[in-house]
Amino acid sequence: MAQGILRRYGEHLPITDRTPDLSLCEGSTPLIPLINLGRELSVELYAKFDGLNPTGSFKDRGMVLAVAKALEEGARSVVCASTGNTSASAAAYAARAGIPCFVVLPSGNVAMGKLAQAIAYGAKVVPIEDNFDVALDLARKGAEEMGMAIVNSVNPYRLMGQRSASWEICDELGDRPDWLVLPVGNAGNISAYREGFDYYSSLGRCSGLPRMVGVQASGSAPLALGREFPEPETVATAIRIGRPVNAEKAKKAVSDSGGAFLAVDDEDILEAQRLLAGRDGIFAEPASCAGVAGLMKLKERGELPEGIRIVTVLTGNGLKDPDALLSRISPIEPVKAQWSVLEEIFRS
Ligand SMILES: Cc1ncc(COP(=O)(O)O)c(/C=C/C(=O)C(=O)O)c1O
């Protein structure tokens, strides 16, 4: 049975005998070979499908530790700002832990599935008339003024828990991949992967860092395009973040690994989402598909070496945000429930 992060990797995490044994059986997500897409790109391609965590995103890996340590350190409630997945995860683990959760969201820019989760798990949802970056400033003030535990990736326990994904990849492949490709918003996850590979390398369990490729949406790409984005815009609302709090760590992860940041357009992201589902049967939310869009762009430019082993991190489940896809297709009208009508369709 899945043990959860605190049990599976407890010896590598800041667990004490006072740390609550919190778990929603997160982690141990599948590393799925993308056979068809890999053939098209002429690489050995795997998807680390973190959309199969309990709340449907990679956030659970860090949240379980952040909430457990908040309890251990005497916090009586948690707060976060979120583009959606952090709030869903924080609300779930706070519910499990029996403490209140306050989430500050950029009104009108959070996918319905994620909002439904935060409400269902019982969080106090506070939409604001501004973007994620301002929401994070307000959540941090709430934590300071009212002694709540902030569980965004400014909380070090979040990145420590998220290192577990790199350990799972190494445990399964027997080493690090040649490349790790993933979407970048607040830049916590790419930083956590770097820390995780470094740590496993220090234990002799992998041979150093993979080349780390962080992909952003071109309308919200402060790291990829090297400029401010005070009004970030992208259909990939999960990475609609203009002021990444982990920017410096992420830049070092990319430079130390000989990697790169890439910017891709929204249409490239949605095309990657359709390809991923249509070729290899995996439905991931738009932000998660930015990595695949980046690989397709590199292939087009002749900058994707053949035969290398790549892991692309699918950070969130497609069910979180079906609107992005549905809003771009014409409505599917019902037909008469007659065999002749269906037969014509089946034969076409
Ligand atoms: C699906 C998905 N893919 C990628 C990212 C980017 O990870 P970071 O670069 O570590 O921020 C997010 C981030 C979401 C939030 O930041 C939030 O939920 O507040 C995400 O939900």
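Counting starts at 1 for both ligands and their atoms, following the listed order.
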Any N or O on [X] sitting closer than 3.5 Å to an N or O of ligand 1?
X	value
Phe132	no
Thr83	yes
Gly316	no
Ser87	no
Asn152	no
Gly185	yes
Ser288	no

Inspect the contact between Arg347 and Glu343 and indicate whether a charged nitrogen and a carboxylate oxygen are less than 4.0 angstrom apart.
yes

Do Glu26 and Arg8 meet the salt-bridge criterion of a basic N to acidic O distance under 4.0 Å?
no

Cation-aromatic face contact Arg194/Phe197, 6.0 Å, 45 degrees
no

Quick one: does [X] get within less than 4.0 Å of ligand 1, heavy atoms only?
X	result
Ser153	no
Ser57	no
Ile241	yes

[X]: numbered ligand 1 atoms lying under 4.0 Å from its heavy atoms:
X	result
Ile239	4 (C), 5 (C), 6 (C)
Thr86	15 (C), 17 (C), 18 (O), 19 (O)
Ser82	17 (C), 18 (O), 19 (O)
Val184	9 (O)
Asn186	8 (P), 9 (O), 11 (O)
Gly84	18 (O)

With Ser288, the side-chain hydrogen bond (donor to acceptor under 3.5 Å, both in side chains) member among Thr315, Asp50, Asn317:
Thr315

Tell me which one of Arg240, Lys59, Glu285 gets a heavy atom nearest to atom 15 (C) of ligand 1.
Lys59

Which pair of heavy atoms, one from Ala260 and one from Val254, lies closest together, and at what distance?
N-CG1, 3.3 Å

Between Arg211 (side chain only) and Gly258 (backbone N and O only), is there a donor and an acceptor less than 3.5 Å apart?
yes

Would you confirm whether Asn155, through its side chain, and Ala66, through its main-chain N or O, come within 3.5 Å as a donor-acceptor pair?
no

Flag for Tyr193-Asp198: side-chain donor and acceptor within less than 3.5 Å:
no

Considering only heavy atoms from C-beta outward, does the side chain of Val313 approach that of Phe49 to under 4.5 Å?
no

Assign the ring pair Trp167 / Tyr199 to parallel, tilted or perpendicular, where the plane angle (0 to 90°) is split at 30° and 60°.
tilted

